[in-house]
There are 4 protein chains.
Amino acid sequence: MSGAIELVESRALVGNPLGDPTVRRVAVWLPPSYAQAPERRYPVIYWLAGFAGTGEMLFSGNPWQPGLGDRLDRLAAEGKMGEAIVVAPDCFTRWGGAQYLDSPAHGNYETHLLDEVLPAVDARFRTVGTRDGRAIGGKSSGGFGALVLAMRHPQRFSAVASHAGDMAFELSALPDLPIAARTLRRHGGLQPFLEQFAAHEKKAGPDYTTMMVLAQAAAYSPDAARPGGVALPFDIETGEIDWVVWQRWRAWDPIEMAAAHAGALRQMKLVFLDAGTRDEHNLDLGARIFVRRLRALGVPCEHEEFDDGHRGTAYRYDVSLPKLAAALGAGPGR
Amino acid sequence: MSGAIELVESRALVGNPLGDPTVRRVAVWLPPSYAQAPERRYPVIYWLAGFAGTGEMLFSGNPWQPGLGDRLDRLAAEGKMGEAIVVAPDCFTRWGGAQYLDSPAHGNYETHLLDEVLPAVDARFRTVGTRDGRAIGGKSSGGFGALVLAMRHPQRFSAVASHAGDMAFELSALPDLPIAARTLRRHGGLQPFLEQFAAHEKKAGPDYTTMMVLAQAAAYSPDAARPGGVALPFDIETGEIDWVVWQRWRAWDPIEMAAAHAGALRQMKLVFLDAGTRDEHNLDLGARIFVRRLRALGVPCEHEEFDDGHRGTAYRYDVSLPKLAAALGAGPGR
Amino acid sequence: MSGAIELVESRALVGNPLGDPTVRRVAVWLPPSYAQAPERRYPVIYWLAGFAGTGEMLFSGNPWQPGLGDRLDRLAAEGKMGEAIVVAPDCFTRWGGAQYLDSPAHGNYETHLLDEVLPAVDARFRTVGTRDGRAIGGKSSGGFGALVLAMRHPQRFSAVASHAGDMAFELSALPDLPIAARTLRRHGGLQPFLEQFAAHEKKAGPDYTTMMVLAQAAAYSPDAARPGGVALPFDIETGEIDWVVWQRWRAWDPIEMAAAHAGALRQMKLVFLDAGTRDEHNLDLGARIFVRRLRALGVPCEHEEFDDGHRGTAYRYDVSLPKLAAALGAGPGR
Amino acid sequence: MSGAIELVESRALVGNPLGDPTVRRVAVWLPPSYAQAPERRYPVIYWLAGFAGTGEMLFSGNPWQPGLGDRLDRLAAEGKMGEAIVVAPDCFTRWGGAQYLDSPAHGNYETHLLDEVLPAVDARFRTVGTRDGRAIGGKSSGGFGALVLAMRHPQRFSAVASHAGDMAFELSALPDLPIAARTLRRHGGLQPFLEQFAAHEKKAGPDYTTMMVLAQAAAYSPDAARPGGVALPFDIETGEIDWVVWQRWRAWDPIEMAAAHAGALRQMKLVFLDAGTRDEHNLDLGARIFVRRLRALGVPCEHEEFDDGHRGTAYRYDVSLPKLAAALGAGPGR
């Protein structure tokens, strides 16, 4: 496998409130021709991990489950995908992930990615180095990150793919709130919960869901005045939804963001979405709503569905990665 | 067992749009002393079945699972409950239940219950016959019905018990909407779905959930202009929530109704709520929110929780039935 | 519905060790023509409930789930089934069921059924009254009972139907033994387990499975010298299988019984088996093994499979009941 | 992390029938003092992966789930474990694993491990190099492998640990046979099943279970005359158990092997077993039976249980690894 780990030293993350590392491990895959064509420049696909994942973890495969590097090797060997560099950054936090956004509650991951990882990649590898040569994609929280970064930074990216990206928060995130409320209450609040979570190697299902809610709160509703630096969109004692906080979450729902960022999306050479029709977080419905919104706004996009749930769907990258490479004009191996 | 079935012929239900029967089977349990004390008058507890249930079904027990009659026999024999008549009406509809409300989409079940069942019971049995001698309770949709009817008709009832009653609709009903959207879409719409549901003896889980959503739509958001006479709070194609329709549902959320009906609730001699802390529909959180709302409004209430889920919790009636009987001043057996 | 309850006073069950009632409630359904044709005699189909069930419970339906009486009414009304009486006896025990066998551990249910229920039915109703006019069928433990009674008493029955009847015990019963071992150990033995089971209205899944194992032990491996009067086919402390006791169970496996009772089965006018191909107890595989065994022995039989699990498959009676009626020569309604 | 990958070129695996690689990646962890103490020799703990795993995969951790290297680093840093080398070999096969045994159906993995990996480790690292300096352990299939290799090769190993090791096959492996039978039948036999398994990146649950059964058949009941070179212990069409083949499996059940290898086990300085009391494969019961057998044979052993299932229990290595190191006389860091 041709994946390597690049260390990127971040200034943006210095002093981040969760105490996460500032030197980050960025996984990079180079296409087969890279070594043989020393003058050639390549487009780059940024690929974002989902919640609780890192870029490096995406590359970890096994004999029965290929990692991202094995997949790219195979797609290249089969001639299914043009030559492009693939970069998987690390925006993991102690709370499981930053949703690829800056926040006083977890640190500046959007800045890190755009102003540190991108330049480092362009400096260390022979990249095209312009928006026309950059795409961004990912699954779940990674799909969310890809869409939001493409919408907010069209001068950096010209194609985007979201696999079951977080959206339609009332259908996907809201049903998790009662689980988080009960869990936090049972542990006596945010701080005791975090302590036991760190103390136990085995993470129970509701604990995992609770961390996912907390990570979203850190991204969408930071509040320096409250415990953990976040406003929770519910009351811990009763589970009652705090609609004021919830509106802050909603403002980050890609479906709500679409109208204001339609111009950016129209500049994309490809907007691709998919999801499984049994997605446990209803993200297939999210994609349907988003796509309808885009069509109403006159934004072209490609939309696919398949018969599966949310987990174990990396085989769908076989569809999106070649599309992104093609959108970037990635050339053949020789 | 001392349960009997009384037939009540309804005028309120004549011409109901779902074609449900107008002669209704009302299950009645008489306390041990009833036959021996021909002059004595008894308070009455109305007990409402949950979704997809009838009063008569509540009485159907087996050697390992007592029915409501077995339970009442035992409570009486053990001296745990004062002598009261218990009445379980039938407000089942082809869609699974009316939420005990009048609606052009399913017929007038609130009217049937108040203006037909109550007078029939008072006429046929030796009842106290006033609000002081009437309580109402139930579980799930039956708990909802009990609370809503008590709030709306304090001149009829003076005590109320809700076991895991429907409320906090964003936490309990809203997570079902995506299931209904996918199911209706897969069947090609409301009418084809209803046809296949009727045609198949075995009801699949998502089909059952979809019927539950439809029954709520019939109760909360009837709309003569739309298919099936109901406005659905979501788009069938995308699952997107229709917040306008949703507001019509919310208006029937007991938590939202509490403020306007605080006076009625204050007149109750007992307001009792419970739910299991693992309730799959989050109705334990619903009860917590409701109770906090009542306390803010100065309405006294009793609130219990227990370690269980939503189903198979009839053993909790051992707590509520004696409390209701006591609130009504039910006397001992002799 | 045309179901009635007949009381049968049993001598066979007098002094049964579990203290179960000796007066038994036998559910009887009479075909539409019965009242109008006072001279006519009818064949009888005996229908056996599964574990934890009684004949009467089979008749308990609701608007969305027909009971056995509703089903028979409909089959008759649609002209799909010849006129036959259907009788559902009660062989429930405190341990959940007798597998329709005599045993010192639970009492003499085989004798009760054959020498008390059959004569009572023949005496109280206009039945054909010979083996040619009697069939027997049922589901799960009821299917087991039907097959075993047909094999052992071909002079009484001339047709048999088994829906997912217990058999191939290594595939169906053996996987339950570890559950029972752990459960009994956790409760400190048989007696403490039985006490808590009786004390708790809500029966947990493993407790239910444990009772099922105990009921089988009572039927297959009684042992007066051991606690509860049964030899368990496993060690409570370790779960190790006791192969000596297990051989006693195996002797009652219909697959093992088939060879010795091939003559009886060959006398049947119909041997019908089915099971769902997702049966959680692997009883579809059991039926396949049994059918192959019968074919090797030259016993004709009908075998069907369908796409479903073990529970909620009463709709399959629509297939077997008319076949049994036809095998008995049941005539049309008029 | 201090894990490294050593390549071991195997002669034993040349020409293996599944076409698996002959150069094997052996993961090696060196204790903190290794580099600083150039004269010092270390005991070695061989750690075996479970089904579908490789040694290298055990080392793959993430921020929330430590890999084996992270765990060893921490145990060393906390002073909880003596200094020992830990080696995790790779005995993965296309069928998911060899159970660490030689077989004509999958190749000679026992030989590979003993005669190739052990010498290579002793040659390349400063090891004690005798049985007194070698322990073996693992989980699930790895626990099985550890016990069987310790029993068969006491001249090579002097301590052994089994976490939920495969045993009591009637309780653990037999319940999987019906799943495999149905799956193979649905695919039309062994060969079509294997083809579709290889073709689909996502492995369905029953397919995974079927592979586990096939891997065991390759290890326990090879048969050159049958498809795939294995005798299956069941009939594919009916699921009927083939007791002749099953006896071949049983011969490899550690519980059955214990008596004949009691002498070897008595030579161990430590025999440690544990399992979770909710182990889905009943391996807690297996361990109880095994331990009772050992005690009857006068073999000392340590036995623990904990409240968990089969998966996600690597935190238990915190108990076993220090015990094994201590049994080998592993010294402190300095």
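Note on naming: letters A, B, ... go to the chains in the order of the sequence lines (proteins, then strands), and numbering restarts at 1 for each one.
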Practice item. Quick one: list whatever passes salt bridge (charged side-chain N to carboxylate O under 4.0 Å, His left out) with Glu237(B), sequence neighbours left out. Key: Arg288(A)
Result block: side-chain N/O donor-acceptor pairs under 3.5 angstrom for residues 144-152 of chain B, not counting sequence neighbours:
{"residue": "Arg152(B)", "atom": "NE", "partner": "Glu110(B)", "partner atom": "OE2", "Å": "2.8"}
{"residue": "Arg152(B)", "atom": "NH2", "partner": "Glu110(B)", "partner atom": "OE1", "Å": "3.1"}
{"residue": "Arg152(B)", "atom": "NH2", "partner": "Glu110(B)", "partner atom": "OE2", "Å": "3.3"}

Point to revise | Contact origin within Trp243(B) toward chain A - heavy atom pairs under 4.5 Å | key: side chain
Check your understanding: Heavy-atom distance under 4.5 Å to chain A: side chain of Ile241(B), backbone, both or neither?
Key -> side chain
**Study point:** Heavy-atom proximity to chain B below 4.5 Å, by part of Ile289(A)
**Key:** both
Review point. In residues 293-317 of chain A, which residues are in contact with chain B at a heavy-atom separation under 4.5 Å?
Key: Arg293(A), Glu305(A)
Review point. Of all the residues in residues 176-203 of chain A, which have a heavy atom that comes within less than 4.5 Å of a heavy atom in chain B?
Key: Pro178(A), Arg182(A), Arg185(A)
Point to revise | Heavy-atom pair count under 4.5 Å with chain B, highest-scoring of Ala287(A), Gly286(A), Gly239(A), Ala168(A) | key: Gly239(A)
Check your understanding: chain A: which of Asp235(B), Leu174(B), Ile255(B) shares the most heavy-atom pairs with it under 4.5 Å?
Key -> Asp235(B)
Exercise for review: Start with the C-alpha gap between Leu285(B) and Glu240(A), add the side-chain angles, then the distance that decides, and say whether side-chain contact (heavy atoms from CB on, under 4.5 Å) holds.
Suggested key: CA-CA 7 Å; Leu285(B) 296 176; Glu240(A) 184 170 7; over 6 Å; no
